[in-house]
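Each remark here refers to the structure printed beneath this line.
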Amino acid sequence: MKSDVKLLGAWPSPYVLRVRIALNMKSVDYEFHEERFPDKSPLLLKSNPIHKKIPVLIHKDKPLSESLIIVQYVDDVWSSASPILPSDPYDRAMARFWADYIDQTLYPTMKSIRGAADQEGKNRLIEEVREGLALLEDVFKSSSKGKGFYGGDQIGLLDIALGCFLGWLRVVETVNGVKLLNQTNTPELLKWADRFCAHAAVKDVMPETGRLVEFSKTLPK
Amino acid sequence: MASESSEVRLLGKWASPFSNRVDLALKLKGVPYKYSEEDLANKSEDLLKYNPVHKKVPVLVHNGNPLPESLVIVEYIDETWKNNPLLPQDPYERALARFWAKTLDDKILPAIWNACWSDEKGREKAVEEALEALEILQEALKEKRFFGGENIGLVDIAANFIGYWVAILQEIAGLELLTIEKFPKLYKWSQEFANHPVIKDGLPPRDELFAFFKASAKK
């Protein structure tokens, strides 16, 4: 049976991964269309004419783009199971704030390590990522309230927003011979990372680090 | 409802459209609040305490709980004070509103800002991008009075820069970006927006804003 939920994406994209995890949490059946970059499919260009980017969710022929917006939409539509956003408005706002921080600050810094001019530049960026993760370690302590995820007992928005980058984080660790998540600075996140990757909604869609490392070699600097 | 409003504080900057978004949201909801003007060249202890990550305005403090980032704050306000809803009920419409608010911040505002502050060399391209951005925004408006429909919504608030600041900045830059000839629907929206009874009282005075940006232009 043809599903009325389609997801346009690509296996290495952490943003696409966010949506897959959300849909999995809600047990939604969907068709996944793998985009073959650098070519953009006609469906992608039609569905996201403004930004021309993945992920794009098409639900009952209505397209939506921007990963965090899609995740919140999925949470709104399939609202009876596994809430993704916290129920308290302030907690919700803080989850959105930190997700925004990850997208505006943390991930861009992490991405730029690869193209850094020299080792000194790389080290500086790596240090910045470490500082960002230390902040998120503190956030974890208050947000999880002693439970296993930012969302408490279950995966929430911030788990998804950060967790989707674990594959690429491990690529940076492998390629640069560093440990970004470690026992000294981020003991809670270190444990959380394993928990997240083992979660039923995540484990089948999280790309393998080895495969990502090979893929990253094909990317321009 | 009285207990919800027990302590609302806004740390802001009068000339900032981002700070203004929060003023507008609070005023539309009829929420009383204390406003502190921040001097960004000399940041207060409170600002550094409440927004250690970005050290920027606006920051909302509600019952001692701080919250930065204008669009995050506006959604929080909408969820906390339920009168005069700023976001649509329908999940798809709600997602679209968030999409447009984000596109305003990520793409449209930067394009206009760059055009207004561009030097001779980059001017032509920057203006072209700004006009494309306005075209996209006008298409999103369709035939509606406001982006929120009959009432001011999240996207109207997020587009306050377009509704009020652009006219001032383009005059200073000597550019014609948002005009009635080029974008009749969007221009009409900007008039409706700036003349809306609640919004009107919430916007900074035009003359002062003009003088402020003109002084910045001279530097």
query = Which answer fits A/L135, side chain, backbone, both or neither, if we ask what part of it has an atom under 4.5 Å from a heavy atom of chain B?
reply = side chain

message = Between B/E79 and A/R96, does any side-chain N to carboxylate O distance fall below 4.0 Å?
response = yes

task = Please round to the nearest 0.5 Å and tell me the distance separating atom NZ of B/K102 and atom CG of A/D100.
result = 7.5 Å

inquiry  = Looking only at heavy atoms and a cut-off of under 4.5 Å, which of A/P49, A/G132, A/A93 has the most pairs with chain B?
reply    = A/A93

inquiry  = Could you check whether atom CD of B/E135 has more than 12 heavy atoms from other residues, nucleotides or ligands sitting under 6.0 Å from it?
reply    = yes

note = Value for CZ (A/R92) from OG1 (B/T80), rounded to nearest 0.5 Å, stands at 8.5 Å

Working for side chain to side chain contact (heavy atoms under 4.5 Å, CB included), residues B/D106 and A/Q104 = CA-CA 10 Å; B/D106 288 350; A/Q104 301 288 343; 4.1 Å; yes

request  = Using a cut-off of 6.0 Å, state whether more than 12 heavy atoms not belonging to A/D29 lie near its atom CG.
outcome  = no

inquiry  = Counting only heavy atoms from other residues, nucleotides and ligands, does the tally under 6.0 Å from CG of B/D90 exceed 12?
reply    = yes

note = Note: B/Y92 and A/P63 closest approach over all heavy atoms is OH-O, 2.7 Å

request  = Begin with the C-alpha distance, continue with both residues' side-chain angles, and end with the deciding distance and a verdict on side chain to side chain contact (heavy atoms under 4.5 Å, CB included) for A/T105 and B/H54.
outcome  = CA-CA 10 Å; A/T105 306; B/H54 299 299; 4.1 Å; yes

request  = Assess whether atom NZ of A/K141 is packed by more than 12 heavy atoms of other residues, nucleotides or ligands within 6.0 Å.
outcome  = yes

request  = For the pair A/Y90 (side chain) and B/P66 (backbone), establish whether a donor and an acceptor sit closer than 3.5 Å, ignoring hydrogens and angles.
outcome  = yes

query = To the nearest 0.5 Å, how far apart are CD1 in A/I50 and NZ in B/K107?
reply = 8.0 Å

task = Kindly compute the distance separating OH (B/Y76) from CG (A/D91), expressed to the nearest 0.5 Å.
result = 9.5 Å

request  = With a 4.5 Å cut-off on heavy-atom pairs, point out which of B/T103, B/I73, B/L71 contacts chain A the most.
outcome  = B/T103

Flag if over 12 foreign heavy atoms under 6.0 Å of NZ, A/K53 = no

message = For B/E124, I'd like to know if atom CD has over 12 heavy atoms of other residues, nucleotides or ligands within 6.0 Å.
response = no

ask   = At a heavy-atom separation under 4.5 Å, does B/R98 approach chain A through its side chain, its backbone, both, or neither?
value = both

task = Look at atom NZ of A/K46 and say whether more than 12 heavy atoms of other residues, nucleotides or ligands are closer to it than 6.0 Å.
result = no

inquiry  = With a sphere of 6.0 Å drawn around NZ of B/K144, does it hold more than 12 non-hydrogen atoms of other residues, nucleotides or ligands?
reply    = yes

ask   = Could you walk me through whether A/I69 and B/L96 pass the side chain to side chain contact (heavy atoms under 4.5 Å, CB included) check?
value = CA-CA 8 Å; A/I69 291 175; B/L96 281 185; over 6 Å; no

request  = Please list, chain by chain and in numerical order, all residues satisfying ring pair (Phe, Tyr, Trp, His ring centres under 6.0 Å) with A/Y101, sequence neighbours excluded.
outcome  = A/W98

task = Heavy-atom distances under 4.5 Å only: say whether A/H51 touches chain B with side chain, backbone, both or neither.
result = side chain

ask   = How far apart are the closest heavy atoms of B/P91 and A/Y73, and which atoms are they?
value = O-CD1, 3.5 Å

